[in-house]
Amino acid sequence: MSTTGIVLCGGRSTRMGRDKAALPFGDETLLARVVRLVATAVDHVIVVGHTTQALPAAVRVERDEAEGLGPLAGLARGLRISTTDLNFVTACDMPLLRPAVIRRLFDVIGDADACVPVDATHAMVLCGVYRRSLLPAADALIASGQLRLRALADGAQTKRVDTAAFRDIDPHLDSFFSCDTPEAYQQALVRLKADATSA
C-alpha cells in the first residue's frame with residue numbers, strides 16, 4: 001500500500017525564537033534531515049510550510065492556506081493534497097526520528113482512523129499516522145475554532161501505542177524528542193554527536 005509523509009514546518013517557532021526549520025543539524029538543516037528520514041519510510045513526502053519560508057525543491061511543497069492556525073490546519077492541508085489512505089505526520093523539530101518507528105506505526109494501525117505513540121503523560125499526535133478520511137473531521141474542527149491536533153485524535157478511532165513498544169527499534173525513544181526550545185535543540189545536538197561517536 002502506498003503511503004505519504006507530511007512534514008509540518010509552518011509554526012511560528014515562538015519558543016525557539018527563530019525559524020526551527022532552518023536550524024543546522026549536522027551537515028543539514030532540521031527540516032532537510034526530517035524530510036530525508038521520513039522519505040526512507042514512505043512513498044511520497046509533502047512539506048507544509050508558511051509563505052515566507054525557503055522550502056526544499058526536491059519534495060512536494062504546500063503553503064499553509066491560512067497562517068497561524070497551527071498543526072491541525074497543516075495536517076488538513078497535507079491530507080487535502082495527499083493521494084494515499086495512510087499518512088504519517090510529523091513536525092520539522094523531531095530530527096532524531098527513526099524510519100523504523102514510522103514503518104511500525106503503519107504496520108499496527110489496523111482498521112483505526114489514526115495511530116499515535118503515547119507515554120505516561122501525553123499522546124505524540126505529531127508523530128502519528130492518520131487516514132485521509134479524517135480530512136472532513138479536521139476541517140470541521142478548524143471551522144469551529146478548535147485548532148488542536150489532539151482534538152482530532154480524541155474524536156477519531158485512534159489506536160494508542162505505548163512508547164515502550166518501540167524500544168526494540170529505538171532504545172532511548174529519541175524518535176519522540178522534540179527540539180522546540182533552544183535548550184532542547186542543544187540536547188538534540190548532543191544526542192546526534194553521541195550517536196555518531198557510537199556508530
Side-chain angles (χ1 to χ4, degrees), residues 1-13 19-23 25 28-107 109 112-117 124-143 147-153 156 158 175-176 178-180:
M1 177 181 290
S2 185
T3 57
T4 296
I6 301 172
V7 181
L8 308 180
C9 63
R12 295 175 178 173
S13 300
D19 185 12
K20 290 181 290 188
L23 288 174
F25 201 80
E28 53 197 340
T29 64
L30 277 180
L31 175 59
R33 178 179 172 89
V34 172
V35 167
R36 176 175 58 81
L37 294 173
V38 171
T40 66
V42 300
D43 300 296
H44 314 282
V45 178
I46 298 169
V47 175
V48 180
H50 61 71
T51 56
T52 60
Q53 282 176 308
L55 299 179
V59 296
R60 178 155 188 179
V61 173
E62 295 295 329
R63 304 291 179 173
D64 283 322
E65 293 176 287
E67 293 183 20
L69 296 184
L72 178 58
L75 169 61
R77 180 64 174 162
L79 292 180
R80 202 178 319 283
I81 301 303
S82 174
T83 59
T84 65
D85 177 34
L86 295 179
N87 303 270
F88 173 75
V89 176
T90 192
C92 68
D93 61 2
M94 301 182 76
L96 303 176
L97 182 64
R98 297 201 178 191
V101 168
I102 302 173
R103 296 187 191 101
R104 179 159 298 173
L105 287 166
F106 283 130
D107 288 342
I109 188 172
D113 298 321
C115 183
V116 299
M124 285 77 168
V125 293
L126 271 176
C127 184
V129 172
Y130 298 82
R131 293 193 186 276
R132 192 172 185 273
S133 56
L134 285 174
L135 178 57
D139 284 341
L141 285 169
I142 295 167
L147 304 179
R148 294 172 60 85
L149 183 51
R150 193 176 313 279
L152 180 66
T158 298
S175 292
F176 312 118
S178 172
C179 45
D180 57 354

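Expressed to the nearest 0.5 Å, how far CG of L75 lies from CG of L126 amounts to 8.5 Å. From L97, atom CG reaches atom OG of S178 across 11.5 Å, with rounding to the nearest 0.5 Å. Taking OG1 of T29 as the start and NZ of K20 as the end, the distance is 13.5 Å to the nearest 0.5 Å. Distance OG1/T90 to CE/M124: 11.5 Å, rounded to 0.5 Å. Separating the CD1 atom in I6 from the CD1 atom in I81 is a distance of 9.5 Å, to the nearest 0.5 Å. Put simply, CG on L23 and CG on D93 are 10.0 Å apart, with the number rounded to the nearest 0.5 Å.
Side-chain contact between D43 and T4 is absent, with no heavy atoms from C-beta onward closer than 4.5 Å. Looking at heavy atoms from C-beta onward, I142 lies in side-chain contact with L72 at the 4.5 angstrom threshold. F88 places a side-chain heavy atom less than 4.5 Å from the side chain of C127. For the pair L147/L141, no side-chain contact is recorded, criterion being any heavy-atom separation below 4.5 Å from C-beta on. Between V101 and R104, every side-chain heavy-atom pair lies at or beyond the 4.5 Å cut-off. Side chains of Y130 and V125 form a contact here, defined as non-hydrogen atoms less than 4.5 Å apart. In this structure the side chain of I109 reaches within 4.5 angstrom of the side chain of R131, judged on heavy atoms. Side-chain contact between F106 and V42: present, with at least one pair of heavy atoms (C-beta onward) separated by less than 4.5 Å.
Nearest heavy-atom pair across C92 and L31 is CB-CD1, 4.0 Å. Closest approach of L105 and C115 over heavy atoms only: CD2-SG, 3.8 Å.
Although no hydrogens or angles enter the test, the distance criterion places no donor-acceptor pair under 3.5 Å between the side chain of R33 and the main chain of E28. In this structure a side-chain-to-backbone donor-acceptor pair under 3.5 Å is present from R132 to R80.
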* To do: Could you give me the CA-CA distance, side-chain angles and deciding distance for I46 and V7, then say whether side chain to side chain contact (heavy atoms under 4.5 Å, CB included) is met?
  => CA-CA 6 Å; I46 298 169; V7 181; over 6 Å; no
* Asked: Is there a side chain to side chain contact (heavy atoms under 4.5 Å, CB included) between L30 and C179 once you walk through the steps?
  -> CA-CA 10 Å; L30 277 180; C179 45; 4.1 Å; yes
* Check the pair H44, T84 against side chain to side chain donor-acceptor pair (under 3.5 Å), reporting the backbone distance first and the verdict last. => CA-CA 9 Å; H44 314 282; T84 65; over 6 Å; no
* Could you go through the side chain to side chain contact (heavy atoms under 4.5 Å, CB included) check for C9 and V47 one step at a time? => CA-CA 7 Å; C9 63; V47 175; 3.7 Å; yes
* Asked: Can you check side chain to side chain contact (heavy atoms under 4.5 Å, CB included) on R103 and T40, steps first, answer last?
  -> CA-CA 10 Å; R103 296 187 191 101; T40 66; 4.1 Å; yes
